[in-house]
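Each chain gets a letter, A, B and so on, in the order the sequences are listed, and its residues count up from 1.
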Amino acid sequence: MAIREPERIWWKPFSKDERMWVTVAVVWMLVSFLFMPIYHLYGAQNPPSETYKVEPEAFDKLVTKMIDKYKVGEENGFPIVHPDPNEPVFIRAQMWQWYPIIEFEKGKTYRVHLSSMDIQHGFSVQPINLNFMALPGYDYVLKLTPTTSGEFHIVCNEYCGVGHHTMVGKIYVKDAAKTAAN
Amino acid sequence: MANQDFRICSESGLKVYKNAETLIKWNVIAALATLAVGGLMALLVALTRWPSVHLLGLTEYYRFLTAHGVDALLAWILFFEMALVYFASTVVLGTRFRGVVVGWISFALMLIGGALINVIIIMGRADVMFTSYAPLKADPLYYLGVILFAVGALIGFIMFFVNVVYAKRDGGFKRSLPLGSFGLAAASIIGVLTLAHGAGIFIPAFLWSLDFIGYIDPSAYRLVFWGLGHSSQQINVCAMVAVWYMTSAFVVGGKPVNEKLSRTAFVLYILFINLASEHHLLVDPVLSTWHKIVNTSYMMHLAVLASMIHAFAIPASIEVALRKQGFRSGLFEWFKKAPWGNPAFAAVALSILLFGFLGGITGVIFGTEQFNIIRHNTFAITGHFHGTVVAGTTIAFMGFTYLLIPCIFKRQLIWKGFAQIQPYLYAVGVAMLSIGMMSAGAFGVPRRHYDITFSGAPFSFTFDPAIDMFMSMMGVGALLAVAGGVLFILIGFGSMIWGKEVK
Ligand code: HEM
Ligand SMILES: [Cu+2]
Ligand SMILES: [Cu+2]
């Protein structure tokens, strides 16, 4: 019994049922084991790991530079930026906004740099539900290829103070043909 | 040594020493009291998350959510675990508590620390959630409260080993600990390791809040914090599994078919579970891919193997015991004739079922690198851990309380009829709560979020209307669970005060 000391020799061989169960569990575990690296190597969507240290001020300058160069419009006071796919894209998290609005082209691959100016924020792209952390002091590089065009929102899903629930940003994905006119 | 120091528990035949008994009693009382506070906060928070009710104001919501996390996860669980490790290292072995003064110091530290944290939170000086992610800063007294509480708990886990060493000397056991105590030994080992991480993060955070340290790296904070925050969930898993074994032994005389298997499984927990802590950091910057894969996915599966073993061993032990009692006809007579009306037994059965199918499976899924991208920080995560630490650990501890009341408090349960349905009511509520949260999270609904209609945001965004149903499911589940929780608290305290004395 679990509340009594076991008999003198409890290191007994396993019974048939136990052997079967443990074998099935081990096999299942090994399959799951193997799938971790296999999926990472052959799957289409993995969390990136490319990171750089960055001072908030330095990151802010990069954001401003990108906006100056690629601004194509404005919405609710937020600049809309249509960057060149060959150049880095910057998204700044700050209490309580995602800045600026980025307009991507469908099918192109971008390097999106994500960082925070103040505290931790949660970068959550809706409605496709892609989630990454935005930390101050770190530049997190997401390699992103939009595959559907339309309008997306960035919601903050890490608590960041009283304005947390108002921290909503925006992303556009345009079909390449349509944006060519821009 | 006078013989009047102890009595024989009439229910179990265990030898209960007076000094251990009093300490266990007070830890259980503190646990129930903090669960009551945590449960009240849970009700208010859940009714705020339910969009059609949206009860609390903005600051109260975050404040009470912080308090709910601290009181339920930290205070209720750890106070009860103190009672468990003391029970398993004295009563189960039939020996006295060695250095009971130290046990009381531990209790006092936890009480003072817990009270301090609550006061600071309610004063609005620590609206930081129980994770207090730097650079979000709380009042220094908040960190001090956590440190006092954690040091208290650390002392308690150390007292487990002190008691065991003396018990061996005094003949409490000869070669191996009984399995229940062995499981709590695993819990205590993980406890000591985990609380060391706690010191590693809360002491610097305390100094930082006092301006003695200028900067805390947010990424390093997350890493060390989860060394505490997640690994301590493995204390809970070990303690819960030990409770499963002990309850099955107390109620039906269950005996593991092979102790070798069950004990090996506990060792797997100790060895591998700490590494799984890093699944909180899967979509963080800084850590490399292979680091994430090895630490989370690989090692996690070895811990999962341990759970698979327990999931076999415990039902098997119950089946064997019931068949021995004569319920042999067909495959399932033993199952039908199991003591479903005994709340301790029912709680353990529900705990095994829900922990496995709700908490465990979702944990393994959300803990993989790719799946984590589409679940991290959504409501699905909250759903997952209400499947583990509430539907699993809390229900198991509730069931064990029904055994401790006659054995340690020497009282019979009051309201037997209500006690019979309590585990079912609570379990159904928590299951609905958890499934509602998981489903809403699948549509992207964030956790820790005051207003998912985003009023006041620069851009308007609405979630898929399907979430209405799931958020309501969460709300109704919360009401049922709170009803079950209130019943538990009333039966628990009521029995301690008005229950008929057990001779
Ligand atoms: C009646 C039972 C309970 C109900 C209805 C309930 C409900 C909730 C709700 C609605 C949230 C809010 C999630 C959010 O807004 O992000 C929450 C969070 C949480 N609950 Fe519970 N809960 C219950 C019991 C428990 C218990 C017993 C524990 C611990 C053992 C617990 C641990 C937590 C934790 C750790 C959080 C996360 C807090 C955070 O995100 O900072 N809950 N619960
Ligand atoms: Cu934010
Ligand atoms: Cu936020």
J.: Going through the distances and angles, do A/Phe78 and B/Phe459 end up as a ring pair (Phe, Tyr, Trp, His ring centres under 6.0 Å)?
T.: CA-CA 10 Å; A/Phe78 285 67; B/Phe459 307 103; 5.1 Å; yes
J.: Picking from B/Pro218, B/Ser288, B/Ala321, which has the most non-hydrogen pairs under 4.5 angstrom with chain A?
T.: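 Among the listed options, the one with the most contacts to chain A is B/Pro218.
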J.: I need the B/Asp284 CG to A/Ser49 OG distance, nearest 0.5 Å.
T.: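 Answer for the CG-OG pair, B/Asp284 versus A/Ser49, is 12.0 Å.
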J.: Examine whether an atom of A/Asp139 lies under 4.5 Å from a heavy atom of chain B, and if so say whether it belongs to the side chain, the backbone or both; otherwise answer neither.
T.: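 Looking at A/Asp139, nothing touches chain B.
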J.: Looking at CZ of B/Arg222 and CG of A/Leu135, how far apart are the two atoms once the value is rounded to the nearest 0.5 Å?
T.: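 Here the rounded value is 6.0 Å.
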J.: Given that the side chain runs from C-beta out, which part of B/Ala313 has a heavy atom under 4.5 Å from chain A: side chain, backbone, both or neither?
T.: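 For B/Ala313, no heavy atom lies under 4.5 Å from chain A.
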J.: Out of curiosity, B/Met308 CE to A/Met29 CE, how far, rounded to the nearest 0.5 Å?
T.: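 If I round to the nearest 0.5 Å, the distance is 10.5 Å.
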J.: What residue, out of A/Ser15, A/Gly169, A/Gly122, A/Ala134, has the most heavy-atom pairs lying under 4.5 Å from chain B?
T.: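 If we count pairs closer than 4.5 Å to chain B, A/Gly169 comes out on top.
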J.: Counting heavy-atom pairs closer than 4.5 Å to chain A, which one of B/Asp451, B/Leu14, B/Leu65 comes out on top?
T.: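 Maximum pair count with chain A is reached by B/Asp451.
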J.: Nearest heavy-atom pair of A/Gln126 and B/Phe443: which atoms, and what distance?
T.: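 Heavy atoms only, the tightest pair is OE1-O, 3.8 Å.
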J.: How long is the gap from CD1 on B/Ile374 to CG on A/Asn131, to the nearest 0.5 Å?
T.: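 Reported to 0.5 Å precision, the distance equals 9.0 Å.
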J.: Could you tell me which portion of B/Val128 (side chain, backbone, both or neither) has an atom closer than 4.5 angstrom to a non-hydrogen atom of chain A?
T.: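 Answer is backbone: N, CA, C or O of B/Val128 sit under 4.5 Å from chain A.
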J.: What part of B/Ser12 gets within 4.5 angstrom of chain A, counting heavy atoms only: side chain, backbone, both, or neither?
T.: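 The backbone, not the side chain.
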J.: Is chain B contacted by the side chain of A/Ile101, its backbone, both, or neither, given a heavy-atom distance below 4.5 Å?
T.: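 A/Ile101 touches chain B through side-chain heavy atoms alone.
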J.: Using a 6.0 Å cut-off, check whether atom CD of A/Glu55 has over 12 heavy atoms from anything other than its own residue.
T.: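 No, the 6.0 Å shell around CD holds no more than 12 heavy atoms from other groups.
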J.: Determine whether A/Trp28 and B/Leu305 make a side-chain contact, defined as any pair of heavy atoms from C-beta on separated by less than 4.5 Å.
T.: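 No, every pair of side-chain atoms sits at 4.5 Å or beyond.
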J.: Are there over 12 heavy-atom neighbours, none belonging to B/Tyr215, within less than 6.0 Å of that residue's OH?
T.: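 Atom OH in B/Tyr215 is crowded, with more than 12 foreign heavy atoms closer than 6.0 Å.
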J.: Only pairs of heavy atoms separated by less than 4.5 Å count here; which of B/Ile309, B/Thr378, B/Thr59 has the most with chain A?
T.: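 Ranked by contacts with chain A, first place is B/Thr378.
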J.: Quick check on the interface: out of A/Gly163, A/Gly137, A/Pro136, A/Ser124, who has the most heavy-atom pairs with chain B under 4.5 Å?
T.: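 Heavy-atom pairs under 4.5 Å are most numerous for A/Pro136.
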J.: What do the steps show when you test A/Phe123 against B/Val283 for side chain to side chain contact (heavy atoms under 4.5 Å, CB included), and what is the final call?
T.: CA-CA 10 Å; A/Phe123 178 82; B/Val283 295; over 6 Å; no
J.: Of the listed residues (A/Met167, A/Glu18, A/Lys53, A/Lys170), which shares the most heavy-atom pairs with chain B below a 4.5 Å separation?
T.: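 Answer, by heavy-atom pair count under 4.5 Å with chain B: A/Glu18.
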J.: Please confirm whether the backbone N or O of A/Met133 pairs with a side-chain atom of B/His376, one donor and one acceptor, at under 3.5 Å?
T.: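 Here the side-chain-to-backbone pair does not exist.
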J.: Can you check whether B/Leu58 reaches A/Val162 side chain to side chain, under 4.5 Å on heavy atoms?
T.: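 The answer is yes, as the side chains (C-beta and beyond) meet within the 4.5 Å cut-off.
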J.: Is chain A contacted by the side chain of B/Lys174, its backbone, both, or neither, given a heavy-atom distance below 4.5 Å?
T.: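 Both backbone and side chain of B/Lys174 come within 4.5 Å of chain A.
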J.: If every non-hydrogen atom of A/Asn157 is compared with every non-hydrogen atom of B/Pro446, which pair is closest and at what distance?
T.: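 Here A/Asn157 and B/Pro446 meet closest at CB-CB, 3.5 Å.
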J.: For the residue pair B/His449 and A/His165, does the interplanar ring angle fall in the parallel (under 30°), tilted (30 to 60°) or perpendicular (over 60°) class?
T.: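 Perpendicular.
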J.: I'd like to check A/Gln97 versus B/Pro458 (side-chain heavy atoms, cut-off strictly below 4.5 Å). Are they in contact?
T.: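 No, too far: nothing below the 4.5 Å cut-off.
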J.: For A/Val24, which atoms come within 4.5 Å of any heavy atom of chain B: side chain, backbone, both, or neither?
T.: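 Contact with chain B: none, neither part.
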J.: Between B/Trp290 and A/His40, how do the two ring planes meet: parallel, tilted or perpendicular, split at 30° and 60°?
T.: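 Plane angle between 30° and 60°, so tilted.
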J.: Between A/Asn46 and chain B, which part of the residue has a heavy atom less than 4.5 Å away: side chain, backbone, both or neither?
T.: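 A/Asn46 touches chain B through backbone and side-chain heavy atoms alike.
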J.: How far does OH of A/Tyr159 sit from OG1 of B/Thr66, to the nearest 0.5 angstrom?
T.: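 OG1 of B/Thr66 is found 6.5 Å from OH of A/Tyr159.
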J.: When only pairs under 4.5 Å are counted, which of B/Tyr61, B/Phe173, B/Tyr450, B/Phe312 shares the most heavy-atom pairs with chain A?
T.: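 Most heavy-atom pairs within the cutoff with chain A belong to B/Phe312.
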J.: Side chain from CB out, backbone as N, CA, C, O: work out which of these in B/Ala442 comes under 4.5 Å of a heavy atom of chain A, or both, or neither.
T.: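 When you check distances to chain A, only backbone atoms of B/Ala442 fall under 4.5 Å.
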J.: Under 4.5 Å between any side-chain heavy atoms of B/Tyr133 and A/Ile119, yes or no?
T.: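 No, their side chains stay 4.5 Å or more apart.
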J.: Going by distance alone, is a donor N or O of one side chain under 3.5 Å from an acceptor N or O of the other, for B/Asp217 and A/Tyr138?
T.: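 Checked: B/Asp217/A/Tyr138 side chains pair up, N/O donor to acceptor below 3.5 Å.
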J.: With respect to chain A, which residue among B/Thr453, B/Leu261, B/Thr131, B/Leu136 yields the maximal number of heavy-atom pairs within a distance under 4.5 Å?
T.: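 The residue among B/Thr453, B/Leu261, B/Thr131, B/Leu136 with the greatest pair count is B/Leu261.
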J.: State, to 0.1 Å, how close A/Phe14 and B/Asn258 come at their nearest heavy-atom pair, and which atoms those are.
T.: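 In terms of heavy atoms, the two residues are closest at CD2-ND2, 3.5 Å.
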J.: Check each atom of A/Val168 against the heavy atoms of chain B and say whether the ones under 4.5 Å are side chain, backbone, both or neither.
T.: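 Backbone plus side chain of A/Val168, per the 4.5 Å heavy-atom cut-off to chain B.
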J.: Heavy atoms only, distances under 4.5 angstrom: which of B/Gln370, B/Arg375, B/Arg447 has the most pairs with chain A? Name it, please.
T.: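 It is B/Gln370.
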J.: What's the separation between atom CD1 in B/Ile293 and atom CZ in A/Phe33, rounded to the nearest 0.5 Å?
T.: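 If I round to the nearest 0.5 Å, the distance is 12.5 Å.
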